[in-house]
Amino acid sequence: MDPKAVKSDLVLILDFGSQYTHLITRRIRALSVFSLCISGTSPLSSITSLNPKVVILSGGPHSVHSNDSPSFADGFVDWAQSNGVFVLGICYGLQLLVQRLGGEVRVGEKQEYGRMDIEVEKNCGIFGGKKVGDKQVVWMSHGDETARLPDGFEVVARSQQGAVAAVEDRDRKFYGLQYHPESEGTPGSVNQTFRVAAHSMLALGRAWETALSGDNTFGCWGLVTHSPEGMETLRYFLFDVCGVNAGWKMEDVMDEEIEVINNTVAPDDHVICALSGGVDSTVAATLVHKAIGDRLHCVFVDNGLLRYKERERVMETFDRDLHLPVTCVDASEQFLSKLKGVVDPEMKRKIIGKEFICIFDAFAHELEQKLGKKPAFLVQGTLYPDVIESCPPPGSGRTHSHTIKSHHNVGGLPKDMKLKLIEPLKLLFKDEVRQLGRILKVPEPFLKRHPFPGPGLAVRVLGDVTEGNALDIVRLVDEIFIQSIKDAGIYDSIWQAFAVFLPVKSVGVQGDQRTHSYVVTLRAVTSQDGMTADWVEEEFGAWGEVVEGEIYNTAPDDSSVLSPTLATLLNGSPPCPNQGELPISTSYSTVYCFENSFLKEVSQKICNNVRGVNRVTLDITSKPPSTIEWE
């Protein structure tokens, strides 16, 4: 998908490390406007080549007073002004704009963290749809404040403490908000937000506690939650102030991608794809198949670590519903023999990754002999969050902001393969991939499947996966749990639900006899497209946390041998969450409550139907301190 070819005005986000950059991007796309995110320190040429109509300067964990604080490229302001580009600074972005244009930002006498009213002082520009004196609730999170505006700017809204909340220079088309409009919610969630945040702050350590105590002197950093009228403000700014056209549709994305594929793949070229059974690889393969037909060759590997009847179910979908040319390879004995006796999680990951490569290499060579030529391209279900690296805070020694990764080849594949990549989904989020899948007539139940980790059940059976009948037990427990969730009509409300086998036995009583059987645990988390994680709140009233950022601890559901995660699995350095960044948010996520009766019924079903299990536990630990998967 060429950003310059979209039938919509591009909104470009320059990211300075905000946990909400993904959220801004998705909010804007939800308005049928195409948006992209690149590093805030990108060269000016990278910005101008995209020809955006609007540029948004994101927030971030920085103070403009810091020597190492990031900034946009020299010449950006002159370019934006001379080309009539609208610029909106949010939080740190506002302060950066003010400082670079000659204004003054200073440490605020009264730092603003939490729910606060702002009042409109001028009903023009970004608040043109409001009346003077109108108030709205926003969530403030800043220690620095604007003390003196650059020439041409005026204040259009202030906080109840008198701090600048919104500014604009309409002649130059520069605007700024001191709060996060993309973080939309309801005022009623504020008390819960504080309780959630306080708990997680303690888990993150004393360094983060300063964000709640008010000792933080960073410019725009810390806890950010709901601004109920934020989306209304953002919508008014884009459509009424900037005159953006809402012309971006998923049907256009499909047509554009098919055209790109046909222009890239020569008429006699062949393409291969490893299908994991997940949504991403399946939609990518279906799109490519629509473009080039049976010159696409797919392989699905049964590694012996799949869910209950996974192989039969996905192959039926590939054949009956999608008519994809798929070769199924049963390599379960090969994988399990290599895993026998292995208990270290990272060693399990590396073994699985290497075996996948061996099988894929063999498939590619067999295909070459059959075709009389080597396949030229490789389909990969890379998503937009996969190609954006998350941002650590200042002082971590790592880059501050999201940067687009370069994908020249897939790490870990044999060097002599030299396949060129086709990544038709690389600018889409998970929910957009599902939209595209619906247009491609991928069955709805398949599109709504929960993510499954690349190493499969190897990370859901603690210890040796070949020990006893652990795999059979966890498959049946997981099937009962998932089917119960579906029967209760709550499957679509949960991002990921699964069972874990524990190599622990406990004493029980079954059939009037004492038993010494295994313990299993159930886990359910909510999320929005892999960007947030929240344990599903239970009836007994504990508070769940939401973690903004990608779910790095588990591979995406398209984490086959060909996924970007593979290289990491092979070198023994697993994906991990941002250790230093404040990963707290209650935005863009939901909290679901299991009823106690549901949990009781599921527990009874498992103990009555799965031989070898006499105790069912529930994992209610949030991330952090835990990860989604147990290994």
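- Counting all heavy atoms, side chain and backbone alike, F446 lies closest to G278 at CE2-O, 3.8 Å.
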Walk me through it: do I24 and V11 pass the test side-chain contact (heavy atoms from CB on, under 4.5 Å)? CA-CA 10 Å; I24 303 171; V11 176; over 6 Å; no
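- Rounded to the nearest 0.5 angstrom, D252 CG and F34 CZ are separated by 11.5 Å.
- Summarising the geometry of A291 relative to I261, their closest heavy-atom pair is CB-CG2, 3.8 Å, with the distance given to 0.1 Å.
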Evaluation steps, side-chain contact (heavy atoms from CB on, under 4.5 Å), between V98 and V64: CA-CA 10 Å; V98 166; V64 293; over 6 Å; no
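- Side-chain N or O atoms of H62 include none that pairs as donor or acceptor with a backbone N or O of S69 at under 3.5 Å.
- At least one donor-acceptor pair under 3.5 Å links the side chain of R100 to the backbone N or O of F72.
- Side-chain contact between K441 and T286 is absent, with no heavy atoms from C-beta onward closer than 4.5 Å.
- Using a 4.5 Å heavy-atom cutoff, the side chains of P181 and R27 are not in contact.
- Within the 4.5 Å cutoff, the side chain of I126 has heavy atoms near those of the L88 side chain.
- Within the 3.5 Å criterion, the main-chain N or O of G243 finds a donor-acceptor partner in the side chain of K53.
- Other residues, nucleotides and ligands place no more than 12 heavy atoms under 6.0 Å from the CG atom of D151.
- Between K290 and E257 there is no salt bridge, since no side-chain nitrogen of the basic residue lies less than 4.0 Å from a carboxylate oxygen of the acidic one.
- H65 places a side-chain N or O within donor-acceptor distance of the main-chain N or O of V105, the cut-off being under 3.5 Å.
- Side chain of D9 to main chain of N245: a donor-acceptor pair is present (N/O by atom type, distance under 3.5 Å, no hydrogens or angles).
- Checking L94, V137, I118 one by one against Y179, the side chain to side chain contact (heavy atoms under 4.5 Å, CB included) holds for a single residue, I118.
- Judged by distance alone, with hydrogens and angles left aside, the side-chain atoms of E232 form no donor-acceptor pair with the main-chain N or O of E229 at under 3.5 Å.
- Looking at S58, its side chain does come within 3.5 Å of a backbone N or O of F16 through a donor-acceptor pair.
- Using modelled atom types, one finds a donor on one side chain and an acceptor on the other under 3.5 Å when comparing T382 with Q380.
- Residues E251 and K249 are not paired through a salt bridge, judged by the lack of any N-O separation under 4.0 Å between the basic side chain and the carboxylate.
- Between T25 and C37, the closest heavy-atom pair is OG1-CB, 3.9 Å.
- The shortest distance between side-chain heavy atoms of Y491 and R449 falls below 4.5 Å.
- For the atom pair CD1 of I494 and NZ of K486, the computed distance is 12.0 Å after rounding to the nearest 0.5 Å.
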Where do V244 and R235 land on the side-chain contact (heavy atoms from CB on, under 4.5 Å) test, with the steps shown first? CA-CA 10 Å; V244 169; R235 184 183 294 107; over 6 Å; no
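- Residues R438 and E444 meet the side-chain proximity criterion, which asks for heavy atoms closer than 4.5 Å.
- To the nearest 0.5 angstrom, Y175 atom OH is 10.0 Å from F153 atom CZ.
- Using a cutoff of 4.0 Å between basic side-chain nitrogens and carboxylate oxygens, E154 and R170 are scored as salt-bridged.
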Evaluate L234 against I28 for side-chain contact (heavy atoms from CB on, under 4.5 Å), listing each step before the verdict. CA-CA 8 Å; L234 193 57; I28 294 172; 4.2 Å; yes
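- Side-chain contact check for Q136 versus D117: every heavy-atom pair is 4.5 Å or farther apart.
- Closest approach of D144 to S63, counting heavy atoms only: OD2-OG, 2.7 Å.
- A284 and P424 make their closest contact through CB-CG, 4.0 Å (heavy atoms, listed as atom of the first residue, atom of the second, distance).
- To the nearest 0.5 Å, atom NZ of residue K426 and atom CG of residue D280 are 15.5 Å apart.
- Separating the OH atom in Y384 from the CG atom in L427 is a distance of 6.5 Å, to the nearest 0.5 Å.
- Between F239 and L31 there is a side-chain heavy-atom pair separated by less than 4.5 Å.
- Distance check: T41 OG1 to I38 CD1 gives 9.0 Å after rounding to the nearest 0.5 Å.
- Residues E104 and Q99 form no side-chain contact, since every pair of their non-hydrogen atoms from C-beta on lies 4.5 Å or further apart.
- Across every non-hydrogen atom of A497 and H450, the tightest pair is N-ND1, 3.2 Å.
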